[in-house]
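First up is the structure itself, then whatever we jot down about it.
Chain letters run A, B, ... following the sequence lines, proteins first, then strands; residues in each count from 1.
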Amino acid sequence: MAFHLTLHPWNVTPAEAVGLQEELRQHIVIEPLSNPPETIAGCDISFNKYEETVYAGIVVLRLDTLEVIEEAGVVTTASFPYVPGLLTFREGPALLEAWQKLKTVPDVVMFDGHGLAHPRRLGIATHMGLWLDRPTFGCGKSVLVGTFSEPALERGHWSPMMHKGETIGAALRTKNKVNPVFISPGHLIDLPAALDLTLRCDGGYRLPEPTRRAHLFVNELRQKGGKE
DNA sequence: GCGACAG
DNA sequence: ATCTTGTCGC
């Protein structure tokens, strides 16, 4: 599973999507990063209320300085509804288009959502990792599945997220006395590395810089340029 | 059967 | 996700 033009079709029914996730989970690889990353990307999607137009974007930053080195955005149409657990089928296609526009290939990619912290262990970070064949992990703002105990209130503390007897991720405090974010491995990375990278992307906000910058990027893409 | 439910 | 102003707390 190293090179492919299409891993699977996207025009599927919700039931078929679940079946694909069950099949794809067999290919997930959780392991320490093979190389020290120098760049990290953040991805996000933006919509206008009641509209199907999708504004997707990817922002690439240098890990050591957190400076933005590239941005790529696309405007498309969503062809799949939002269904908890099937987020990739709604946002994935647009993100893959944006990915193709990048000149820089990020060493690791952070997603706005989960990786293993998913009912079938195939959250958007894991699913996209299989498509991109690149280290990925998720940084969600709320829980989809799993339980966790409140981590200490100081930045850097975390507690494991459990689901069906497995550790699927962690609730991580990225800022003192602020709600934690939920980190989970996607593909080609492990939890310690994902937690370390998230803390290294600190810009003083709850959300790590890659995700925060991607969010700002797609929102201005939607409000300004984009399309009309 | 009822409630929960990434973005 | 999106629609939105002020407001409470550090």
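Within the nucleic acid shown, Asn176(A) has no heavy atom closer than 4.0 Å to any nucleic acid atom. Nucleic acid contact for Leu86(A): base, since at least one base atom lies under 4.0 Å from a heavy atom of the residue. Within the 4.0 angstrom heavy-atom criterion, base atoms lie near Gly85(A). Nucleic acid contact class of Phe47(A) (heavy atoms, under 4.0 Å, all strands): sugar-phosphate only.
What separates NE2 of His118(A) from P of dG7(B) is a distance of 13 Å, to the nearest Å. Atom pair Asn219(A):CG and dG7(B):P shows a separation of 14 Å (rounding to whole Å applied). When rounded to the nearest whole Å, the span between CZ of Phe80(A) and P of dA6(B) equals 15 Å. One interatomic measurement links the two molecules: CD1 of Ile124(A) to P of dG7(B), which rounds to 10 Å at whole-angstrom precision. One can place CG of Asn48(A) at 15 Å from C1' of dG7(B), the figure rounded to the nearest angstrom.
Atom CE of Met161(A) and atom CG of Leu191(A) lie 10.0 Å apart (nearest 0.5 Å).
In this structure, His118(A) contributes its side chain and Leu86(A) its backbone to no donor-acceptor pair below 3.5 Å.
Between Leu7(A) and Leu24(A), the closest side-chain pair of non-hydrogen atoms falls below 4.5 Å. No side-chain heavy atom of Leu87(A) sits less than 4.5 Å from a side-chain heavy atom of Leu144(A). Taking the side chain as every heavy atom from C-beta outward, His187(A) and His27(A) never approach each other to under 4.5 Å.
Contacts with DNA chain B (heavy atom under 4.0 Å) in residues 140-175 of chain A: Gly140(A), Lys141(A), Ser142(A), Val143(A), Leu144(A), listed by number.
Side-chain heavy atoms closer than 4.5 Å link hydrophobic residues (I, L, V, M, F, W, Y) into clusters, and following such links, even through other members, never connects Leu153(A) to Phe182(A).
By the 4.0 Å N-to-carboxylate-O rule, Lys175(A) lies too far from Asp202(A) to be salt-bridged with it. Looking at Glu67(A) and Arg213(A), no side-chain N of the basic residue comes within less than 4.0 Å of a carboxylate O on the acidic one, giving no salt bridge.
When the nearest nucleotides of DNA chain C are assigned to Lys177(A) and Ile45(A) by heavy-atom distance, the more 5′-ward of the two goes with Ile45(A).
For the residue pair Asn48(A) and Arg222(A), a side-chain donor N or O sits within less than 3.5 Å of a side-chain acceptor on the partner.
Running 5' to 3' along DNA chain C, contacts with non-hydrogen atoms of chain A at under 4.0 Å begin and end at dA1(C) to dC3(C).
Phe182(A) does not qualify as a stacking partner of the dA6(B) base, lacking a centre-to-centre distance under 5.5 Å together with planes within 30°.
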